[in-house]
Every structure is written in C-alpha cells, then in structure tokens.
2 protein chains.
Amino acid sequence: MSDYKIDDVARETGLTKRTIRYYEEIGLMPAPQRSEGGTRRYARSHIEHLQRVISARDVLGFSLQEIQEYMAYAEELTGQRELYPQLSEPDLQLSKLQEMDGTLELQLRKLDEKIGRILLLKEELEQFRKRVRGGIARLETEQANRTKTDNMEGTES
Amino acid sequence: MSDYKIDDVARETGLTKRTIRYYEEIGLMPAPQRSEGGTRRYARSHIEHLQRVISARDVLGFSLQEIQEYMAYAEELTGQRELYPQLSEPDLQLSKLQEMDGTLELQLRKLDEKIGRILLLKEELEQFRKRVRGGIARLETEQANRTKTDNMEGTES
DNA sequence: TCTAACGTTGACGTTAACGTTATTATGTAG
DNA sequence: CTACATAATAACGTTAACGTCAACGTTAGA
C-alpha cells in the first residue's frame, strides 16, 4: 500500500504541512488513515484531491468555502457509493440531483463569463503590445539610419 | 466639469464607500480633487480606473498588492503614448520598450495558461453535469412508471 | 437659514487563511 | 535501544481586505 507522510504530500503539492492539516480541519479534505501512533497516512487520492483544490483556488480564485461546496458536489458525483449507502427515497434523490444540475449550470455560466472577461483583457494587452512593437520597430530603423550616417561621416573625415 | 461624489462612484462601481477610500489609502487609486470643505470629487477617469482594478481583482484573482504593480505598469504604458515624442534618448527608450514587450508577452502567456486551465475545469464540470442529468432522467422515468402502476392498481380496486 | 442627508477621519472589529511557537509523542537509522 | 528527525495537538499571532461605529464637518434643498 503506497502511502505518504505529510511531508511527502507537502512536497508533492507545494502546500505547507500546516495548510494540509488546515484543509483537513475545515473539511476541505477527507481525513486520512492514521498509523497506530496517530501519524497521518495519505493515499494517492489525497494528493490528487489537493491538486484539484489548488487548481480551484488559484485558477478560479474560489474561496476555500466555495471550493468546499464545489468539492462536495464533485465527491457526491464521482461517488463513493460504498461509503454512503444508497439513499432509499428516490424523491429526495431526484430533487437533490435537480438542485445539483442548477448549481452546475450556474457555475458553468460563471466560468463562461470569466473566460469572456479574460479574453477581453487579453485583447487589450495585445493592443498594447502591438503599439509597443510598433515603437520598437520605428526606433530601430531610426537608429539604423543614424548609424549609417555616422559611418558615412566617419569615412568622409 | 462632470464630477462624482463618493456615493455615485460607489453605485457605478459596486464597491462600498469604505472600499473606495481604502483603495485610495493604499495607493491603488489616484487621490481625487477635493472641494473647499474636503469632499472628494471624482472624475470619470477614477471610475474607469476602479473598473480596471475590479476586473483585475475578480477576473485575474490578483491581490491588491499585485494589482498595484500591474496598474503602475499599465499607467506607464498608456503614459508612454504621450511622453513618447518628447523623450530625447532613443536608446534608453528602446530598451525600455523592449522590456515592456517582454513583460507583455509573459503576461499574455500567463493569461493563455489560465484560460486553458479554466477550460479544463469547464470540461470537467460539463461531464459532471451530463451524469447528473442522466441520473435525473432515470429517476424521472422510474417515477413515471411507478405512478402508472399505482394508477392501475387504483382502478382495479 | 435650517436641517436632513451625506461626507470625513480616526479607530477598533472581523473573517479568511494560514504562520509560528511550544510541548509532547512517534518513527526510524544505526 | 537510543538518538534524532519527524509528526501531532494546542494555542496564540499575523496579514489582507475590508466592516462598523463614533464624532463631527459639509451640502443641498425647502
């Protein structure tokens, strides 16, 4: 059984040990197995989980709170059906799924909006860059001309 | 001269008055003119500035610290247009422009990476949603069948 | 001119997201 | 078995990014 100590996880994820324990503490991460003495023994899945958390945090700019909700849905979907014995009431399950669908749609719309705004910003930066490059080109030809003139003067004297 | 009071700015930007003053305090925003009595009088440019700040904060997930640097840089870029014909040392200007070009390229690459990762996440969410919708469909047909059976039993009795 | 609504400056409060000890227990190389 | 690195818990500290409250001055409309 390949398992990792907290320091290994820290190295692989780039998080600090404190942060890893913190994420477990606030329920952002499933609590890992413990050794006889109480040392945390992480599995590969924990590392992958953390990487998804990091991605949501850095790329999407979600708060840990938001990530928690997002992750909860994700977990439920990819579903450890064994850990959670099946819900016996289909009605309840149906409304839950419908709620999830709504939330997902909302998230997707937010993502689209975000992408749109990033593209706008990108456009702006590209315009800037065009100008800058234009300026560079002009200055370079000017300099070339000046150099040529200098050379001619040099040969003349 | 069209000028705005802080409450107008708040309404137009969606920020609170406190936040607007805070942004000025930490130098994220140029200090506006003041009336005789000390009331802040904002110009259009302040609002636009704030909108760029908000965009960088929300869309790019920059910290206010990072935004400050980014903004300083952007100012320099737009400022460059006006300063441009006046600078007397073309060599100095050339290297500066080249540096800018490099920075812009870097920023653009970062943006592309960010977009890519967001698209990945979007893909994932769409997969999730597919599953959820599949589950909903299944439960709904099940329920429909159950209702039909109930009806038949009802008519039988 | 009066006054209600709005603005200003402190200054302290709050929350998220960790950092930093300190103390004590655990795991492991020799 | 021992020493020494590593881990755990607990608890207090910190920083960013504002919120909130108090006390007081300013503006604008009837």
Side-chain angles (χ1 to χ4, degrees), chain A residues 1-44 46-47 49-72, chain B residues 1-44 46-47 49-72:
Chain A
M1 235 206 280
S2 74
D3 59 0
Y4 306 80
K5 280 180 290 180
I6 196 167
D7 213 28
D8 304 330
V9 177
R11 233 177 303 100
E12 280 211 53
T13 59
L15 300 174
T16 69
K17 294 185 278 182
R18 170 64 169 118
T19 300
I20 295 169
R21 292 198 197 97
Y22 177 65
Y23 283 2
E24 178 188 337
E25 184 189 333
I26 65 173
L28 239 182
M29 224 203 137
Q33 295 291 112
R34 299 287 189 123
S35 74
E36 181 67 16
T39 301
R40 268 166 264 248
R41 298 299 183 161
Y42 297 92
R44 194 74 218 164
H46 290 101
I47 294 180
H49 185 101
L50 281 179
Q51 278 160 349
R52 298 231 306 279
V53 168
I54 293 169
S55 184
R57 188 191 64 178
D58 293 351
V59 178
L60 298 183
F62 281 4
S63 72
L64 299 189
Q65 176 71 257
E66 291 169 318
I67 296 174
Q68 207 166 11
E69 294 161 19
Y70 165 74
M71 283 290 161
Chain B
M1 232 207 280
S2 73
D3 58 2
Y4 307 80
K5 283 180 288 182
I6 196 167
D7 213 28
D8 305 329
V9 177
R11 231 176 304 100
E12 281 210 51
T13 59
L15 299 175
T16 69
K17 294 184 279 184
R18 171 62 170 118
T19 300
I20 295 169
R21 292 199 197 96
Y22 176 66
Y23 283 3
E24 178 187 338
E25 185 188 334
I26 65 172
L28 240 182
M29 224 204 138
Q33 295 292 111
R34 298 287 189 122
S35 75
E36 181 67 16
T39 301
R40 269 166 262 249
R41 299 297 184 160
Y42 297 94
R44 194 75 219 164
H46 289 99
I47 293 179
H49 185 101
L50 280 179
Q51 278 160 351
R52 298 232 304 280
V53 167
I54 293 169
S55 186
R57 188 191 63 177
D58 293 350
V59 179
L60 298 183
F62 283 1
S63 73
L64 299 189
Q65 177 70 259
E66 289 169 320
I67 295 174
Q68 212 165 10
E69 294 160 19
Y70 167 74
M71 281 291 159

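Residue numbers begin at 1 in each chain, while the letters A, B, ... track the order of the sequences.
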Practice task
Give the nucleotide from the list D:dA7, C:dT8, C:dA17 with an atom nearest to the side chain of B:I6.
Solution key: C:dT8

Handout entry: Closest nucleotide among D:dG19, D:dC18, C:dG27 to the B:T16 side chain
Key = D:dG19

Problem - Minimum-distance nucleotide to B:K5 side chain [options: C:dG27, D:dA28, D:dA17] - result: D:dA28

Handout entry: Phosphate OP1/OP2 of D:dA8 contacted by A:R21 side-chain N/O (<4.0 Å)
Key = yes

Problem - Main-chain N/O of B:L28 paired to B:H49 side chain as donor or acceptor, under 3.5 Å - result: yes

Practice task
Check whether any side-chain heavy atom of B:M29 sits under 4.5 Å from a side-chain heavy atom of B:Y42, and report yes or no.
Solution key: yes

Problem - Spacing of A:R18 atom CZ relative to C:dT20 atom P, expressed in whole Å - result: 11 Å

Handout entry: A:V9 backbone acceptor or donor facing A:E12 side chain under 3.5 Å
Key = no

Completion exercise
Out of D:dA17, D:dT9, C:dA17, minimum distance to the side chain of A:R40 belongs to D:dT9

Problem - A:E69 (side chain) donor-acceptor with A:E66 (main chain) under 3.5 angstrom - result: no

Practice task
Please work out which residues in residues 27-39 of chain B have a non-hydrogen atom less than 4.0 Å from an atom of DNA chain C and list them by number.
Solution key: B:R34, B:G38, B:T39

Exercise for the section: Mind calculating the distance between CD (B:E25) and C1' (D:dG19) to the nearest angstrom? Expected result: 13 Å

Exercise for the section: Output yes when a side-chain donor or acceptor of A:Q33 lies under 3.5 Å from a complementary backbone atom of A:A43, and no otherwise. Expected result: no

Exercise for the section: State whether B:Y22 places a side-chain N or O below 4.0 Å from either non-bridging phosphate oxygen (OP1 or OP2) of D:dA16. Expected result: no

Handout entry: Atom-pair distance (CD1 on A:I20; C1' on D:dA7), nearest Å
Key = 12 Å

Exercise for the section: Would you check if there is a donor-acceptor pair between the side chains of A:Y4 and A:R44 at a distance under 3.5 Å? Expected result: yes

